[in-house]
Amino acid sequence: MTGPASRAIIPGDEPPAPKPGGIADRARGARAAGGDYLAKLNPEQRRAVEALDGPVLVLAGAGTGKTRVLTTRIAHLLATGRARPWEILAVTFTNKAAREMKHRIGDLIGGVLEGMEWLGTFHSIGAKILRRHAELAGLKSGFTILDTDDQIRLMKQIIQAAGIDEKRWPARQLAGHIDHWKNKGLAPKDVPQGDGHVFADGRGVKLYAAYQARLKVLNAADFGDLILEPLRILREHPDVLAEYHKRFRYMLVDEYQDTNVAQYLWLRLLAQERKNICCVGDDDQSIYGWRGAEVDNILRFEKDFPGATVIRLERNYRSTAHILGAASHLIAHNESRLGKTLFTDAVDPEAAKVSVASSWDSEEEARAVGEEIEQLQRQGHTLNEIAILVRASFQMRSFEDRFVTLGLNYRVIGGPRFYERAEIRDALAYFRVVAQPADDLAFERIVNTPRRGIGDTTVRLLHDRARARGVPLTEAAAEMIGTDEINARARTAIRDLLASFDRWREQLETLPHTELAEIILEESGYTEMWQADRSADAPGRLENLKELVRSMEEFDSMAGFLEHISLVMDTDSEASADAVSIMTLHSAKGLEFDSVILPGWEEGLFPSQRTLDESGRVGLEEERRLAYVGITRARKRAYIRFASNRRIHGLWQSSVPSRFVDELPEAHVDVVEESNSYGGYGMGSYGESRFDTRDPFQNTYSTPGWKRAQKNRSGGGFDEASQGGYGNFSGPRSKQRFIEGDLVAKSVVGGSSIYETGERVFHQKFGYGHIATIDGNKLTIDFDKAGRKRVLDSFVERH
DNA sequence: TAATAGAAAATTTTT
DNA sequence: TTTTCTATTA
């Protein structure tokens, strides 16, 4: 990863090395050795750390100390003087993993790790290599990294330019194919004949080529290119390859089971000279096949690297024997695996078995989970140690709804990312055009945001001109303001905008970049646009913009910031508040919790029908691995649940328990008999839970949730700070719900509403309606479609 | 050109 | 059910 403080990469400009055997070097070695880092390892781990030479495959089961092995191995390399920090290539998949490794190596060697320039994600290291040799790929070193959204928009243009019906052949689909080819390491010329016919009657490859050509013109690379282009450079330029062979004495790869073909080829090429490559992974945790990961890479390792040492880590330090037993028995149903069996030495006769329970529908499921969590809480467990892991994100909703009602703190991990939000992308587009005038995609995004009277017609004219002259849009625009091809109003608007960009570009040299960022957002009228916006999420968006500018402070230039933002996808704001985590199974990989709740184990949902249809047995095995990942996240307690009915796309469907449920071993499972334990008002009937007509004001004020809400409030729990904190990683949806919790509490106080009787309002759920009566901030509204409802004024907007 | 209403489509997982 | 796109109208 390219961290904030990473130094500029100038070939040949290496940081000064401590002289091997010199004072600094010996002192460092002594300190590390004094830490006795090897003694803390079990025999298998120690073997994995000490087998420094030649290819090594470490098959590390869940919770067996994989990261410890990787980091200790690096510390060992450094301590024994085998390699200096910048001679080690260490690749991970996520920025988080890279960060953690850096941190833990630092702990091992007793200080801050410096000089490990080549520890990072595949993508950031790929970007680094590509920037050093950009000209070999037809790019300039300052190229832009496009995200998925930009990619799709670009492909849309290419499809249109080729005169292909964009409805029949959606850009998204083309993006899928191109992604697939890039994952396999195939440039347009390498795509096999048959493959090219999959899109638009055989024009797929042509479009791929056109897309690549367009990227070069835009001086841009997409995510696939960050792997594909370096691979091509290494293949076609032996001198460059030799340089890296010389440089990388040792290579380490984390999560090897997740590598795709391109990454594999890239690693093999780099490792072929010295062969000091150590891959750590777990075939049972390969869950990214759908985006090109090849489990085969890990299954084939010994063939690819003859004479490889294979070490299995099976001693688990995380979970109870029941949890391990359940997970192992389940995963044993898979055929394609190298085979490992986790075991633990820890004996705990008190340990709970894996609980399996069912519910009537997803709402009852959420209710039951809420109960389970409250019970855990009563037993003194903190919410931070509880996680709900779902297969698909739509499942999160019912839990969020329920937890808001209960006043139970939760956080959604994953979700819509900070950088993906419209306002952030808009702001970044402004910065990108300033930093890179040729960035047409960014320019197009903001020409008319905020509205300046530059509509589709004008943009099309600009496009025609740009294409005819072979120049970027900004340049075409500059030419066209001198002509009368565009109408006067749009022409003035464009002239003003271009003048602003010129001005900001000058200020790029003279002003600190954070200050410039504020100026840009202010002068462009962008912040004003949101200030004028009366919708509920406008204030949050402004807050996000502030946060964006604040986060820029960590960087020393606009360019450095833009590089970071395109590569670092995670917004890892650690929340201090105690809260239940809700996330997908995929994003739970690598995490662990005392209690893990696994809802939605139903055929069609988990295993996902779509995966089954698309990938058959292979897909089923991947789903099973996902289940395995889920169970092994738990240290002490795992709760598996399924519901008999679930609403999908607004339709109720009855569902059958997942086959995975029956694949669990009886000996480690406790089946919880159906219980209508919630509430006392015998509503086991269909109706009540299906149609949520219950009024939020009927909350009993003595429930744990209510008490908690009161406590939170008196402690200033729901203040702006905590909301802002959640806003960073949970969507606007959940954010709003937090506000809801607050207002329910305040409604006791009464007061006058900002609305008037008879006013027409809009409500997210119920649609349009007229206010019938007002009681404090509670409104009774006659909705056009939904009839008379009582709602809080914060839920409605003036219409 | 911009706002609006109504229809159609989409729903897994993400560096 | 919700979101996104499209066509219409002002």
Side-chain angles (χ1 to χ4, degrees), chain A residues 1 91-98 120-127 145-149 151 156 166-167 170 172 175-176 179 182-183 222-227 254-255 258-260 262-263 286-293 362 389-398 401 414-417 419-420 422 448-460 486-487 489-490 493 566-570 583-589 600 604-615 619 622-623 625-626 629-630 646-652 692 731 733 762 764-768 799:
Chain A
M1 130 178 142
V91 247
T92 64
F93 272 88
T94 64
N95 294 294
K96 200 175 156 201
T121 64
F122 272 102
H123 294 270
S124 63
I125 288 173
I145 298 167
L146 299 187
D147 59 31
T148 324
D149 199 73
Q151 265 183 65
K156 217 174 241 171
E166 198 220 311
K167 287 240 182 66
R172 197 163 282 285
D179 227 44
K182 287 189 174 177
N183 284 339
D222 66 18
F223 276 109
D225 287 342
L226 296 182
I227 309 296
D254 189 18
E255 308 276 18
D258 287 340
T259 50
N260 62 33
Q263 288 158 337
S286 164
I287 55 174
Y288 285 110
W290 52 274
R291 67 172 202 220
S362 51
L389 311 182
V390 296
R391 173 70 243 263
S393 42
F394 74 81
Q395 293 172 258
M396 294 178 180
R397 211 228 165 100
S398 52
D401 281 342
R417 283 151 200 286
Y419 78 99
E420 271 174 358
N448 204 29
T449 311
R451 304 249 130 91
R452 319 188 152 82
I454 307 172
D456 293 345
T457 331
T458 314
V459 173
R460 195 161 309 128
I486 352 180
N487 74 46
R489 189 187 296 172
S566 51
L567 283 172
V568 177
M569 307 301 215
D570 54 348
M583 68 187 97
T584 64
L585 286 160
H586 282 89
S587 41
K589 193 166 80 152
L605 175 59
F606 190 37
S608 137
Q609 192 55 50
R610 189 159 161 182
T611 306
L612 256 35
D613 292 344
E614 281 168 9
S615 320
E622 181 154 315
E623 294 285 305
R625 291 194 290 267
L626 208 42
V629 167
R646 196 169 286 275
R647 194 170 43 190
I648 297 173
H649 313 336
L651 289 173
W652 282 96
D692 192 12
R733 182 154 50 94
F762 175 76
Q764 279 288 329
K765 197 166 176 182
F766 302 129
Y768 292 93
H799 184 60

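Quick note on labels: first sequence line is chain A, next is B, and so on, each numbered from 1. Predicted model only: the values in this text are computed from it and were never measured.
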Would you tabulate the nitrogen or oxygen pairs shorter than 3.5 Å linking the protein to nucleotides 1-4 of chain B?
unit_1, atom_1, unit_2, atom_2, d
B:dT1, OP1, A:Thr458, OG1, 2.8
B:dT1, OP2, A:Thr457, OG1, 2.1
B:dA2, OP1, A:Gly453, N, 3.3
B:dA2, OP2, A:Asn448, ND2, 3.3
B:dA3, OP2, A:Arg451, NH1, 2.8

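A:Phe93 comes within contact range of the sugar-phosphate backbone alone, with a heavy-atom separation under 4.0 Å but no base atom that close. Within 4.0 Å of A:Phe122, counting heavy atoms only, lies no atom of the nucleic acid at all.
For A:Glu623 (side chain) and A:Phe606 (main-chain N/O), no donor-acceptor pair under 3.5 Å exists by modelled atom type. At least one donor-acceptor pair under 3.5 Å links the side chain of A:His586 to the backbone N or O of A:Ile287. A donor-acceptor pair under 3.5 Å links the side-chain atoms of A:Asn183 to the main chain of A:Arg291, judged by distance alone.
Looking only at side-chain heavy atoms (C-beta outward), A:Arg391 and A:Thr584 stay at 4.5 Å or farther from each other. With a 4.5 Å cut-off on side-chain heavy atoms, A:Ile145 and A:His123 do not count as touching. Side-chain contact check for A:Lys182 versus A:Asp222: some heavy-atom pair is nearer than 4.5 Å. A heavy-atom distance below 4.5 Å is found between the side chains of A:Asp258 and A:Lys589.
DNA chain B is contacted by both A:Arg172 and A:Gln263; A:Arg172 maps to the nucleotide lying nearer its 5′ end (nearest heavy atom per residue).
A donor and an acceptor atom sit less than 3.5 Å apart, one in the side chain of A:Arg391 and one in the base of B:dT13.
Picking from B:dT11, B:dT13, C:dC5 the nucleotide with the shortest atom distance to the side chain of A:Lys156 gives C:dC5. Each of B:dT13, B:dT15, C:dT1 was ranked by its minimum atom distance to the side chain of A:Arg647; first place goes to C:dT1.
Looking at every heavy atom in both residues, A:Pro607 comes nearest to A:Leu612 through CB-CD1, 3.9 Å.
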### Task
Can you run through DNA chain B from 5' to 3' and write each base as (, ), [, ], | or . depending on how it pairs? Watson-Crick or G-U wobble, both distances under 3.5 Å.
||||||||||.....
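Nucleotides B:dT12 and C:dC5, compared at atom C1', are 23 Å apart to the nearest Å.
In this structure, A:Thr584 reaches the B:dT14 phosphate: one of its side-chain N or O atoms is under 4.0 Å from OP1 or OP2.
Separating the CE atom of A:Met396 from the P atom of B:dT12 is a distance of 13 Å, rounded to the nearest angstrom.
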